[in-house]
Novice: 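Structure provided below as structure tokens; questions to follow.
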Amino acid sequence: MTAWDTEVDVAVVGGGACGVMTALRAARDPGRLVAVFEKSTREGCNAAISSGSLAAGGTRWQAAAGIEDSPKQHADDILRASGDEEWRPVVEALCAAAADLVEWIADTGYPIELGTDMPRAGMTARRLHTDTGRLGGARLMRHLRAVLETHDNVAFVDEAPVVNLVSHEGRAVGVVVSQNGSLQRVKADAVVLASDGFANAPALVEEHLPHLGTPFYGGVSTSTGDALAWALRLGGQLRNMGAGLRSGLVVVGHGTRVSPALPFNGAVLVNRDGERFVDEESKGYSSMAGVLRHQPGERAAMVWDATAMAATRESEMMRECLAAGAIQDRPTIEALAGSLSLTTAATERALTPLPGRRSLTAPYHFAWVTHGLLTTQGGLVIDPSGRVLNAEGEPIPGLYAGGGTACGLAGPHSDGYLSGNGLLSAFGMGWIIGDALAAVPA
Ligand SMILES: Cc1cc2nc3c(=O)[nH]c(=O)nc-3n(C[C@H](O)[C@H](O)[C@H](O)COP(=O)(O)OP(=O)(O)OC[C@H]3O[C@@H](n4cnc5c(N)ncnc54)[C@H](O)[C@@H]3O)c2cc1C
């Protein structure tokens with residue numbers, strides 16, 4: 001083998017949610033030297049453009065709010081949505097870590113609250129946690145990277161994409177990093193693949209997700225699935241590659257998303273033919289994307305009123321929509337009907353509340369929404385400790401994966417994605433892997 005340029009204990013590929021959490025937990029062990037190689041924080045990670053909603057069951061905020069929940073209830077909800085019982089051990093391991101990790105993030109000085117106003121389809125308890133200002137994932141990632149900087153035994157190397165995995169006799173032994181135009185060979189006892197999925201790799205999307213059609217792409221440019229081929233070469237396996245985190249809340253012509261809480265506050269979806277084609281509360285936003293794809297023009301008007309607006313406007317999504325001018329206002333049903341190219345009678349019919357739901361009242365707000373792809377959910381087969389497994393189900397020595405690089409929690413279809421699954425996979429597996437690599441008590 002050619003010589004190494006440098007040597008660390010843990011090499012983390014990707015400095016997003018999973019990579020940063022892995023490093024934070026591993027670095028608690030002062031005897032561990034950890035390097036995080038990040039393709040480009042300027043391009044960004046999905047965690048930083050996410051809403052930053054953290055799903056966890058059994059937290060102190062839930063207890064304070066009198067909400068009964070537990071890691072088991074959380075795992076059961078995820079598995080009911082995904083139908084992927086085979087993945088239960090991984091799901092349970094992540095849900096078991098979730099409350100601890102969210103509380104730990106708060107204890108590092110991050111202002112967290114329970115989103116009691118954040119209902120989601122498929123969730124049997126309010127369990128999304130968010131920052132108190134509702135500023136989203138950018139704030140969270142800035143905070144966690146700042147905490148990482150306080151560790152002397154961590155190097156966060158930016159603008160340094162990993163371009164290859166180095167192996168020896170079936171074991172991952174290092175990575176090749178491109179930095180300032182030259183290639184560096186970095187030896188490592190453990191390599192953690194935390195570079196997210198492949199939603200911005202057109203050939204892979206065409207191969208695995210052709211059924212999504214041509215969705216709006218709402219993720220970052222760096223999700224090019226780099227790590228998958230390296231792990232496959234070492235015997236890694238892929239799973240649930242046809243699943244994605246989709247969104248049926250993307251505003252046409254803007255790319256911003258309206259709040260997923262709108263349907264729970266009375267918002268109605270009407271297609272271009274004036275049909276109310278779905279019970280808006282019955283589907284998560286990933287699942288709703290598939291429904292929208294099959295509407296005329298692959299879109300529908302989401303209509304809501306002042307009450308729904310008041311309940312949702314403080315989310316980062318609604319603030320972005322308002323700032324972008326993505327939400328239109330109409331004073332009367334006649335004006336709304338004109339904008340939807342429908343008759344007033346057809347519009348009134350479409351807005352008739354479903355049984356048990358409230359009526360919308362003028363003035364109205366609306367946005368044309370369509371389907372988008374945010375991240376992929378298929379990826380490497382791992383065990384509940386984040387070790388990458390080969391075809392025999394044996395761990396590949398020295399190789400770990402988490403977040404979007406590993407198989408996610410949606411099951412085989414995008415419809416199985418439950419809100420909060422993405423960051424749970426990423427932070428949760430980072431927590432588990434980092435703890436395992438630190439030879440100190442958790
Ligand atoms: C718009 C949007 C909103 C979302 N909202 C939520 C939410 O509220 N709650 C939730 O749970 N999930 C949400 N998600 C999903 C969530 O953001 C992702 O599932 C999560 O960020 C995945 O974490 P990760 O660490 O795998 O990847 P990321 O956070 O994307 O980090 C991966 C990092 O790896 C880097 N990288 C890639 N290739 C290489 C390479 N070759 N070498 C070095 N570095 C590399 C990237 O630059 C990036 O920084 C949202 C996603 C999007 C797009």
Side-chain angles (χ1 to χ4, degrees), residues 11-23 35-56 94 98 102 115 118 120 128-131 134 136-138 140-141 144-145 156-165 175-179 192-201 216-230 244-247 249-250 255-257 259-260 285-286 315-317 320 372-377 379 401-406 408-410 417-430:
V12 181
V13 183
C18 180
V20 165
M21 185 57 78
T22 303
V36 181
F37 298 104
E38 165 54 39
K39 195 184 252 181
S40 170
T41 52
R42 195 173 31 82
E43 296 284 326
C45 61
N46 276 322
I49 63 163
S50 79
S51 309
S53 310
L54 305 168
L94 291 169
V102 176
M118 295 166 72
R120 297 290 186 268
L128 288 182
H129 299 70
T130 178
D131 64 301
R134 306 291 169 102
L140 176 57
M141 290 311 295
L144 292 176
R145 284 175 182 156
F156 187 98
V157 193
D158 201 1
E159 301 297 328
V162 173
V163 294
N164 214 342
L165 177 70
V175 291
V176 181
V177 181
S178 169
Q179 210 189 357
V192 183
L193 304 176
S195 49
D196 211 345
F198 58 93
N200 196 33
F216 171 83
Y217 178 51
V220 289
S221 62
T222 51
S223 292
T224 45
D226 303 354
L228 298 180
W230 313 330
L245 159 51
R246 303 170 79 185
S247 174
L249 302 167
V250 177
T256 53
R257 290 165 297 132
S259 167
Y285 42 83
S286 188
S315 69
E316 117 283 357
M317 282 172 272
E320 281 176 13
L373 173 63
L374 303 187
T375 66
T376 50
Q377 289 296 299
T405 310
L409 310 181
Y417 183 91
L418 205 63
S419 192
N421 278 1
L423 290 176
L424 173 63
S425 302
F427 284 131
M429 209 34 92

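We count ligands from 1, going down the list as the structure has it; atoms in each ligand are counted the same way. Count residues from 1 along the sequence. Computed over heavy atoms, backbone and side chain alike; hydrogens, waters and symmetry mates excluded.
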Novice: For atom 50 (C) of ligand 1, grab the closest protein heavy atom and report residue, atom and distance to one decimal in Å.
Specialist: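 Minimum-distance protein heavy atom for atom 50 (C) of ligand 1 reads S50 CB, 3.6 Å.
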Novice: Working to the nearest 0.5 Å, report the span between CG of N46 and CG of L245.
Specialist: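 Taking CG in N46 and CG in L245, the distance rounds to 8.5 Å.
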Novice: Would you mind listing which atoms of ligand 1 come within a distance below 4.0 Å of any non-hydrogen atom of G403?
Specialist: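 Every atom of ligand 1 under 4.0 Å from some heavy atom of G403: 26 (O).
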Novice: Does an N or O anywhere in G420 fall below 3.5 Å from an N or O of ligand 1?
Specialist: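 N/O-N/O distance below 3.5 Å exists for this pair.
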Novice: Check the pair W230, V175 against side-chain contact (heavy atoms from CB on, under 4.5 Å), reporting the backbone distance first and the verdict last.
Specialist: CA-CA 10 Å; W230 313 330; V175 291; 5.9 Å; no
Novice: Among protein heavy atoms, which lies nearest atom 15 (C) of ligand 1, and at what distance?
Specialist: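 Protein heavy atom at minimum distance: L245 CD2, 3.6 Å.
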Novice: Could you tell me which atoms of ligand 1, counted from 1 in the order shown, lie closer than 4.0 angstrom to a heavy atom of C18?
Specialist: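 Contacts of ligand 1 toward C18, numbered from 1: 25 (O).
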Novice: Check whether any N or O atom of V162, backbone or side chain, sits under 3.5 Å from an N or O atom of ligand 1, and answer yes or no.
Specialist: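 There is such a contact, yes.
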Novice: Got the closest protein heavy atom to atom 26 (O) of ligand 1, with its distance?
Specialist: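 Atom 26 (O) of ligand 1 sits closest to the protein heavy atom G404 N, 2.8 Å.
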Novice: Working to the nearest 0.5 Å, report the span between OG of S221 and NZ of K39.
Specialist: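 Answer for the OG-NZ pair, S221 versus K39, is 7.5 Å.
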Novice: List ligand 1 atoms under 4.0 Å from L374, heavy atoms only on the residue side.
Specialist: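 Going through ligand 1 atom by atom, the ones under 4.0 Å from L374 are 2 (C), 52 (C), 53 (C).
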Novice: For atom 53 (C) of ligand 1, which of N46, T405, T41 has the closest heavy atom?
Specialist: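 Among N46, T405, T41, the closest heavy atom to atom 53 (C) of ligand 1 comes from N46.
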Novice: Take every heavy atom of E38, measure it against each atom of ligand 1, and state whether any distance is under 4.0 Å.
Specialist: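 Contact present.
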Novice: For atom 7 (C) of ligand 1, grab the closest protein heavy atom and report residue, atom and distance to one decimal in Å.
Specialist: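 Sorting protein heavy atoms by distance from atom 7 (C) of ligand 1 puts S53 N, 3.8 Å first.
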Novice: I need the M21 CE to M429 CE distance, nearest 0.5 Å.
Specialist: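 Separation between the atoms: 13.0 Å.
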Novice: What residue and atom, counting heavy atoms only, is the protein's closest point to atom 21 (O) of ligand 1, and at what distance?
Specialist: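 Answer, as residue, atom name and distance: A47 N, 3.1 Å.
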Novice: Taking the non-hydrogen atoms of M141, is any one of them nearer than 4.0 angstrom to ligand 1?
Specialist: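 M141 does not count as a contact of ligand 1 under the 4.0 Å cut-off.
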Novice: N/O of A426 under 3.5 Å from N/O of ligand 1, yes or no?
Specialist: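 No, no N or O pair falls under 3.5 Å.
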Novice: Which residue and non-hydrogen atom of the protein lie closest to atom 44 (N) of ligand 1, and at what distance in Å?
Specialist: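 Result for atom 44 (N) of ligand 1: K39 N, 3.0 Å.
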Novice: Quick one: NE2 on H129 to CG on L423, what's the gap to the nearest 0.5 Å?
Specialist: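 Here the rounded value is 13.5 Å.
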Novice: Which bit of R257 is near ligand 1, meaning a heavy atom under 4.0 Å away: side chain, backbone, both or neither?
Specialist: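 The answer is the side chain of R257.
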Novice: Yes or no: does A48 have any heavy atom under 4.0 Å from an atom of ligand 1?
Specialist: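 Flag not set, A48 not near ligand 1.
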Novice: Quick check on contacts: which atoms of ligand 1 are under 4.0 angstrom from a heavy atom of T222?
Specialist: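 Matching atoms, with element in brackets: 37 (C), 38 (N), 46 (C), 47 (O).
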Novice: L424 pairs by side chain to side chain contact (heavy atoms under 4.5 Å, CB included) with which of L54, L409, L418?
Specialist: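 The residue from L54, L409, L418 that satisfies side chain to side chain contact (heavy atoms under 4.5 Å, CB included) with L424 turns out to be L409.
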Novice: Among G52, G218, S195, whose heavy atom sits nearest atom 38 (N) of ligand 1?
Specialist: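 That would be S195.
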Novice: Among all protein heavy atoms in this structure, tell me which lies nearest to atom 32 (C) of ligand 1, with the distance rounded to 0.1 Å.
Specialist: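 Protein heavy atom with the smallest distance to atom 32 (C) of ligand 1: A194 O, 3.5 Å.
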Novice: Decide side-chain contact (heavy atoms from CB on, under 4.5 Å) for V157 and V177; before the verdict, give the C-alpha distance in whole Å, the side-chain angles of both, and the deciding distance to 0.1 Å.
Specialist: CA-CA 10 Å; V157 193; V177 181; 5.8 Å; no
Novice: Could you measure the distance from the CG atom of D196 to the OG1 atom of T222? Nearest 0.5 Å is fine.
Specialist: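 Here the interatomic distance stands at 7.0 Å.
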Novice: Does the Y417 side chain pair with the main chain of G422, one donor and one acceptor, at a distance under 3.5 Å?
Specialist: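 Checked: pair present.
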Novice: Identify, by atom number and element, the atoms of ligand 1 in contact range of P161, meaning under 4.0 Å from any of its heavy atoms.
Specialist: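 This gives 42 (N), 43 (C) as the contact atoms.
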Novice: Between S51 and ligand 1, is there a nitrogen or oxygen pair with a distance under 3.5 Å?
Specialist: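 Such a contact does occur with ligand 1.
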Novice: Of all heavy-atom pairs between M141 and C45, which one has the smallest distance, and what is that distance?
Specialist: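 Shortest heavy-atom contact: CG-SG, 4.2 Å.
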Novice: Using only atom types and a distance under 3.5 Å, with no angle test, would you say the side chain of S51 pairs donor to acceptor with the backbone of E316?
Specialist: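 Not a single qualifying donor-acceptor pair exists.
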Novice: Can you tell me how far apart CZ (R246) and CD (Q377) are? Round to the nearest 0.5 Å.
Specialist: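 Between R246 CZ and Q377 CD, I get 12.5 Å after rounding to 0.5 Å.
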Novice: Looking at every heavy atom in both N200 and V220, which two are closest together, and how far apart are they?
Specialist: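 Closest approach of N200 to V220, heavy atoms only: CB-O, 3.8 Å.
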Novice: Just by distance, do the side chain of D226 and the backbone of V163 share a donor-acceptor pair under 3.5 Å?
Specialist: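 It does not hold such a pair.
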Novice: Is there a donor-acceptor contact under 3.5 Å from the side chain of T405 to the main chain of S195?
Specialist: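 It does hold such a pair.
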Novice: If you have a sec, work out which protein heavy atom is nearest atom 20 (C) of ligand 1 and how many Å separate them, to one decimal?
Specialist: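 Result: L423 CD2, 3.9 Å.
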Novice: Output yes when a side-chain donor or acceptor of S223 lies under 3.5 Å from a complementary backbone atom of F198, and no otherwise.
Specialist: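 Checked: no pair found.
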Novice: Out of curiosity, is Y217 lining ligand 1, as in a heavy atom under 4.0 Å away?
Specialist: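 Distance cut 4.0 Å: Y217 fails for ligand 1.
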Novice: Report yes if A17 has an N/O atom closer than 3.5 Å to an N/O atom of ligand 1; otherwise report no.
Specialist: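 Between A17 and ligand 1, an N or O pair is found under 3.5 Å apart.
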Novice: Using heavy-atom distances, let me know which of D226, N421, D196 sits nearest atom 28 (P) of ligand 1.
Specialist: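 Looking at heavy atoms only, D196 sits closest to atom 28 (P) of ligand 1.
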Novice: Residue-level breakdown please: for F198 versus ligand 1, do any non-hydrogen atoms fall below 4.0 Å on the side chain, on the backbone, on both, or on neither?
Specialist: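 For F198, there is no contact with ligand 1 at all, from either part.
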